[in-house]
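I have placed the structure first, in the form of structure tokens, so that the comments after it can refer back to it.
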Amino acid sequence: MQPQSNAAGSIVSLWRYPVKSMMGEEINSSLVTERGLLGDRSYALVDLATGKVVSAKNPRKWPGMFGFRAVYVEPPEMHEGIPPVRITMPDGLSATSTQANLDALMSRALGASVSLQSKPPASPQLEEYWPDIDNLAHRETVTEEAMPVDTFFDGAVVHILTSATLKQLHSVYPQGSFEARRFRPNLVVAPDAAEEGFVENSWVGRTLLIGDQVRLKVTCATGRCVMTTLPQGDLPKDLGILKAAVSANHANVGVYATVERAGVIRAGDAVKIEAA
């Protein structure tokens, strides 16, 4: 017998990010495994001087990471392993992960010795810069942050964001450009028309049913960082983005989830909340 559920909305876009902290790719569908969307954050750059994962969370050390774009040379398949990735650099030069000189090209572009890796360090860590904004956990400092073991994720394997939250943030700070790509979600959900405000806050602890197969357990709100304020494409640098999230929703934008049941999801799929 299927559990009862309530309609929550539908998926309007899907995103994966082949290389951590680089621009990713919008996709029409994806297999979802216990590790999230297939191919998401499967690669990362590692700082050879420190062993830490390179992250846009520390833009003072790694400025311009959002000037790099990563796409798979062919779609990932569950039983074929993760395919090579093509990285386009800020100057327009592109190279694939199969090229012997890729690390040298990336090191030259970033001004530091780095290596593209698909196997995470045993205890992955990154550095996070905390800007000078009231009511953050830290202020004007850099901290070392542990990442989930054996992954290149910051907090959880799936990040979900609703269009209602973006609309609410814009009402708080009308001059800000609150586009989903600033927040690097995997799933953007358009809630039912009657739903307004920070809709996904009420999903924490609940199970989402997506399409015919996938079940996601929402574990916590997603605390935001300086990454949301960085320029990318035509979006300008704007500390007001993070300030709005802090003042309006305790710095949270979207939610994290784990995968309870794997399967395929597609843009347009219905999203339902399992009845409590």
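Residue indices begin at 1 and follow the sequence shown.
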Tell me who clusters with V226, hydrophobic residues only, linked when side chains sit under 4.5 Å apart either directly or through other members. Y129, V142

Who clusters with V46? Use side-chain heavy atoms, under 4.5 angstrom, across I, L, V, M, F, W and Y, and order the result by chain and number.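 For V46, no cluster forms, as it stays isolated from other hydrophobic side chains.
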
Under 3.5 Å, which donor-acceptor pairs link side chains of residues 112-123 to any protein atom two or more places apart or in another chain?
| from | atom 1 | to | atom 2 | distance (Å) |
| --- | --- | --- | --- | --- |
| S115 | OG | D103 | OD2 | 3.0 |

Does any donor atom in the side chain of N252 or N201 lie under 3.5 Å from an acceptor atom in the other side chain?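 There is no such pair (donor and acceptor under 3.5 Å, judged by atom type) between the side chains of N252 and N201.
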
Could you verify whether a donor N or O on one side chain and an acceptor N or O on the other, from T162 and E200, lie under 3.5 Å apart?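 There is such a pair (donor and acceptor under 3.5 Å, judged by atom type) between the side chains of T162 and E200.
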
Please enumerate all residues that pass side chain to side chain contact (heavy atoms under 4.5 Å, CB included) together with N28, with sequence neighbours excluded. none

Partner residues of A8 under the side chain to side chain contact (heavy atoms under 4.5 Å, CB included) criterion, sequence neighbours left out: W203, V271, I273

For the CE atom of M227 and the CG atom of N58, what is their distance to the nearest 0.5 Å?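 So the gap between those two atoms works out to 11.0 Å.
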
Rounded to the nearest 0.5 Å, how far does CD1 of I133 lie from CG of N135?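 So the CG of N135 and the CD1 of I133 are separated by 10.0 Å.
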
With a cut-off of 3.5 Å and sequence neighbours excluded, list every side-chain donor-acceptor pair involving residues 69-89.
| from | atom 1 | to | atom 2 | distance (Å) |
| --- | --- | --- | --- | --- |
| R69 | NH1 | G24 | O | 3.2 |
| Y72 | OH | G39 | O | 2.5 |
| R86 | NH1 | S94 | OG | 3.2 |

Residues K52, E128: salt bridge by 4.0 Å N-O rule: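 Looking at E128 together with K52, the answer is no, because their closest N to O distance does not fall below 4.0 Å.
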
Using the side-chain hydrogen bond (donor to acceptor under 3.5 Å, both in side chains) rule, collect all pairs that involve residues 174-183, keeping only residues at least two apart or in two chains.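 Those involving residues 174-183 are E179-R181, R181-D234.
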
Among residues at least two apart in sequence or on other chains, which ones pass salt bridge (charged side-chain N to carboxylate O under 4.0 Å, His left out) with [X]?
X	answer
E195	none
D154	K20, K57
D47	K61
K272	none

For D192, does the CG atom have more than 12 heavy-atom neighbours from other residues, nucleotides or ligands under 6.0 Å away?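 Buried by this count: over 12 neighbours within 6.0 Å.
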
Return yes when atom NE2 of H138 has more than 12 non-hydrogen atoms of other residues, nucleotides or ligands closer than 6.0 Å, and no otherwise. yes

Do W62 and S55 pass the side-chain hydrogen bond (donor to acceptor under 3.5 Å, both in side chains) test, and can you show the C-alpha distance, the side-chain angles, and the key distance before you say yes or no? CA-CA 7 Å; W62 306 110; S55 172; over 6 Å; no

I need the minimum non-hydrogen distance between R41 and N186, along with the two atoms involved. NH1-ND2, 3.7 Å

Heavy atoms of A221 and V204 approach each other most closely as N-CG2, 3.9 Å

Could you tell me which residues satisfy side-chain hydrogen bond (donor to acceptor under 3.5 Å, both in side chains) with D150, sequence neighbours excluded, listed by chain and number?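 Testing D150 for side-chain hydrogen bond (donor to acceptor under 3.5 Å, both in side chains), a comparison that skips the adjacent residues, returns none.
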
Is there a side-chain contact between L102 and M106 in this structure, where contact means two heavy atoms from C-beta onward sitting under 4.5 Å apart?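 Yes - at least one pair of side-chain heavy atoms lies under 4.5 Å apart.
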
Centre of F183's six-membered ring, under 6.0 Å away, within 45 degrees of the axis: is that where NZ or CZ of R224 sits?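 Output no; distance or angle outside limits.
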
